[in-house]
2 protein chains.
Amino acid sequence: MEKLDQIFFYSLEKAIKSYRQFAQRTMMKQGFDLTIDQWLVLKNIIDHPEWAQNEIAEAAFKDFASVTRIIELLVKKGYLTREIHPEDRRRFRLEPTPKVFGVLKAVEPITKSNRETALNGVSEEEAKLVQQCLTKIIENCNK
Amino acid sequence: MEKLDQIFFYSLEKAIKSYRQFAQRTMMKQGFDLTIDQWLVLKNIIDHPEWAQNEIAEAAFKDFASVTRIIELLVKKGYLTREIHPEDRRRFRLEPTPKVFGVLKAVEPITKSNRETALNGVSEEEAKLVQQCLTKIIENCNK
DNA sequence: TTGAATTTATTGATATATCAATTATTATTG
DNA sequence: CAATAATAATTGATATATCAATAAATTCAA
């Protein structure tokens, strides 16, 4: 299995990189000034408006420090406003600006189509199996 | 399939990140002063001594610029020497220093064990299927 | 054989990842 | 209630990713 193991993790690395590059290219081509990481963080903030940054980070598989910096950029780009949280002054209250919703809505079909393209030729069964496998790997690496 | 798609790519992202973190932790714990990216590039250079940097980059799924910088670090850390290639002055000849081989040999069982741990509970059949799936995704994203 | 195109690699700018140290605030506990 | 611990987030340093611009050497074509 040794050789396969090697190929396996190489493929894993290459697959996610290929997908990220592909998705980023598509985003840019459509004229959005968001990286897919910024989009991911933004989406998590919208979906969970009450979460603290560290919870956002966890949901987006990101380091706290990265999230701090990504949020900085999102504020600078005018997608978010940030003020101190009224109930816990260690935290911040992040508010999406009005333009966010239009952008997210516009990005939605692109993301959907990207995923479909990337999974072309992979059946739902297979996808489920792969997904289970990945979950197992995640567990194995985190204990 | 939409919801699954989303979970699928989230899992993909999380799996490779979990594995990389796990592998990096193990490397450090064993006292090696290499990142896994440096190790990956170094290993490719050893395995293909005649390759140009751009070929190494491709094999390691890395950007040319990243490889340039990683090689700089490997030279600085005393794992490589670099001189101009005698047959093509645009290229460089990269030579591993003697200490490289010992280090790579010492890292080998760690990598092997990391992969085994990560794939614990995943059968060879499943791994093969996942691998095929990943290959399909890579192709889909690159055409 | 010169001039244009191609190849190989570097550099700069910006974004993200990671670890460690730090700050500010809140919670605990003695 | 004061001292301490825990929590939320930032900052600094270093590594890697990506894109664009550039430099140097080589190849090719007129």
Side-chain angles (χ1 to χ4, degrees), chain A residues 13-14 16-29 32-42 45 50-58 60-77 79-80 82-94, chain B residues 13-14 16-29 32-42 45 50-58 60-77 79-80 82-94:
Chain A
E13 180 105 15
K14 192 165 180 180
I16 193 62
K17 277 197 185 175
S18 300
Y19 177 70
R20 285 181 71 92
Q21 286 168 357
F22 169 62
Q24 186 64 58
R25 273 200 308 275
T26 317
M27 281 276 256
M28 303 293 268
K29 233 184 287 176
F32 295 104
D33 66 335
L34 281 170
T35 67
I36 60 172
D37 292 300
Q38 288 164 10
W39 168 81
L40 184 61
V41 169
L42 190 53
I45 291 174
E50 76 290 359
W51 281 6
Q53 281 181 208
N54 55 29
E55 293 171 297
I56 298 290
E58 198 177 349
F61 323 131
K62 297 208 165 297
D63 192 78
F64 301 165
S66 299
V67 168
T68 293
R69 285 161 185 144
I70 289 173
I71 286 174
E72 252 173 46
L73 291 174
L74 288 171
V75 170
K76 203 178 293 175
K77 285 182 176 178
Y79 289 106
L80 290 177
R82 189 168 76 152
E83 24 177 320
I84 289 173
H85 197 287
E87 281 154 27
D88 185 340
R89 297 170 48 75
R90 290 170 299 186
R91 295 179 49 183
F92 291 94
R93 170 183 277 169
L94 299 167
Chain B
E13 180 106 15
K14 193 166 180 179
I16 193 61
K17 278 197 186 176
S18 301
Y19 178 69
R20 287 180 69 92
Q21 287 168 356
F22 169 60
Q24 186 64 59
R25 272 199 310 272
T26 317
M27 281 276 256
M28 303 292 268
K29 235 184 288 176
F32 295 103
D33 66 336
L34 281 171
T35 67
I36 60 174
D37 292 298
Q38 289 163 10
W39 168 81
L40 184 60
V41 168
L42 190 53
I45 292 173
E50 77 289 358
W51 281 5
Q53 282 182 207
N54 55 29
E55 293 171 298
I56 298 290
E58 199 177 348
F61 324 131
K62 296 207 165 300
D63 193 77
F64 301 164
S66 298
V67 169
T68 293
R69 286 161 185 144
I70 289 173
I71 286 175
E72 253 172 46
L73 290 175
L74 288 172
V75 169
K76 204 177 294 174
K77 285 182 175 178
Y79 289 106
L80 291 177
R82 189 168 75 154
E83 24 178 319
I84 288 172
H85 196 286
E87 282 154 26
D88 186 340
R89 298 170 46 76
R90 290 170 301 187
R91 295 179 47 182
F92 292 93
R93 170 183 276 169
L94 298 168

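Distances were taken from every side-chain heavy atom of B/Ile70 (C-beta onward) to each of D/dA17, C/dT25, C/dT10; the shortest belongs to D/dA17. With D/dT16, D/dT10, C/dT18 as the candidates, the nucleotide lying closest to the side chain of A/Ala65 is C/dT18. For A/Arg90, whose side chain is taken as the heavy atoms from C-beta onward, the closest listed nucleotide among D/dT26, D/dT16, C/dT25 is C/dT25. If you check D/dA15, C/dT11, D/dA8 against the side chain of B/Thr68, the one that comes closest is C/dT11. Which of C/dC19, D/dT10, C/dT25 sits closest to the side chain of A/Asp63 comes down to C/dC19. Here D/dT10 is the nucleotide among D/dT16, D/dT10, C/dT25 with the atom lying nearest to any side-chain atom of A/Phe64. Counting only heavy atoms from C-beta on, A/Asp37 has its side chain closest to C/dT16 among C/dT16, D/dT10, C/dT26.
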Stepwise side-chain contact (heavy atoms from CB on, under 4.5 Å) test for A/Ile71 and A/Ile45: CA-CA 10 Å; A/Ile71 286 174; A/Ile45 291 174; 4.2 Å; yes
- prompt: Stepwise, does the side-chain contact (heavy atoms from CB on, under 4.5 Å) test hold for A/Arg20 with B/Glu13?
  reply: CA-CA 9 Å; A/Arg20 285 181 71 92; B/Glu13 180 106 15; 2.5 Å; yes
message: Apply side-chain contact (heavy atoms from CB on, under 4.5 Å) to residues A/Tyr79 and A/Leu34 and explain how you reach the verdict.
response: CA-CA 10 Å; A/Tyr79 289 106; A/Leu34 281 170; 3.8 Å; yes
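The phosphate of D/dA17 (OP1 or OP2) has no side-chain N or O of A/Gln24 nearer than 4.0 angstrom. Contact annotation: A/Lys62 reaches the phosphate of C/dA17 (side-chain N/O to OP1 or OP2, under 4.0 Å). The phosphate of C/dT7 (OP1 or OP2) has no side-chain N or O of B/Gln53 nearer than 4.0 angstrom. One finds a side-chain N or O of B/Lys17 lying less than 4.0 angstrom from the OP1 or OP2 phosphate oxygen of C/dA17.
Counting any heavy atom pair closer than 4.0 Å across all strands shown, A/Arg69 reaches a base atom. If you check every strand for non-hydrogen atoms under 4.0 Å, A/Glu72 touches sugar and phosphate atoms only. Heavy atoms of B/Gln21 sit under 4.0 angstrom from primed sugar atoms or phosphate atoms, though from no base atom. Among the heavy atoms of the strands lying under 4.0 Å from A/Asn54 are primed sugar atoms or P, OP1, OP2 only; no base atom is included. At a threshold of 4.0 angstrom between heavy atoms, the contacts of A/Thr35 are confined to the sugar-phosphate backbone, with no base atom among them.
One can place CD of B/Gln38 at 14 Å from C1' of C/dA17, the figure rounded to the nearest angstrom. Whole-Å rounding puts the A/Ile45 CD1 to D/dA9 P distance at 11 Å. A straight line from CE of A/Met27 to P of D/dT18 spans 15 Å, rounded to a whole angstrom. Between the CE atom of A/Met28 and the P atom of C/dA15 there is a distance of 10 Å, rounded to whole Å. Straight-line distance from the NE2 atom of B/His85 to the P atom of D/dA25: 15 Å, rounded to whole Å. Between the CD atom of B/Glu50 and the P atom of C/dT8 there is a distance of 14 Å, rounded to whole Å. Atom pair A/Asp33:CG and D/dC19:P shows a separation of 16 Å (rounding to whole Å applied). A straight line from CZ of B/Arg89 to C1' of C/dA9 spans 14 Å, rounded to a whole angstrom.
Between the CG atom in B/Leu73 and the CG atom in B/Asp37 there is a gap of 11.0 Å [rounded to 0.5 Å]. For the atom pair B/Leu74 CG and B/Leu42 CG, the distance stands at 5.5 Å (nearest 0.5 Å).
Evaluation of the side-chain hydrogen bond (donor to acceptor under 3.5 Å, both in side chains) rule for A/Lys17 yields no partner, not counting sequence neighbours.
Nearer to the 5' terminus of DNA chain D, by closest-nucleotide assignment, is the contact made by A/Phe92 (compared with the other of A/Phe92 and B/Val67). With the nearest nucleotide of DNA chain D identified for both A/Asp88 and A/Arg25, A/Asp88 has the one nearer the 5' end. With the nearest nucleotide of DNA chain C identified for both B/Arg20 and A/Lys77, A/Lys77 has the one nearer the 5' end.
Heavy-atom neighbours of B/Lys14 NZ from other residues, nucleotides or ligands within 6.0 Å: at or below the threshold of 12.
For C/dT8, the base has no donor-acceptor partner in the side chain of B/Arg91 [N/O atoms by modelled type, under 3.5 angstrom].
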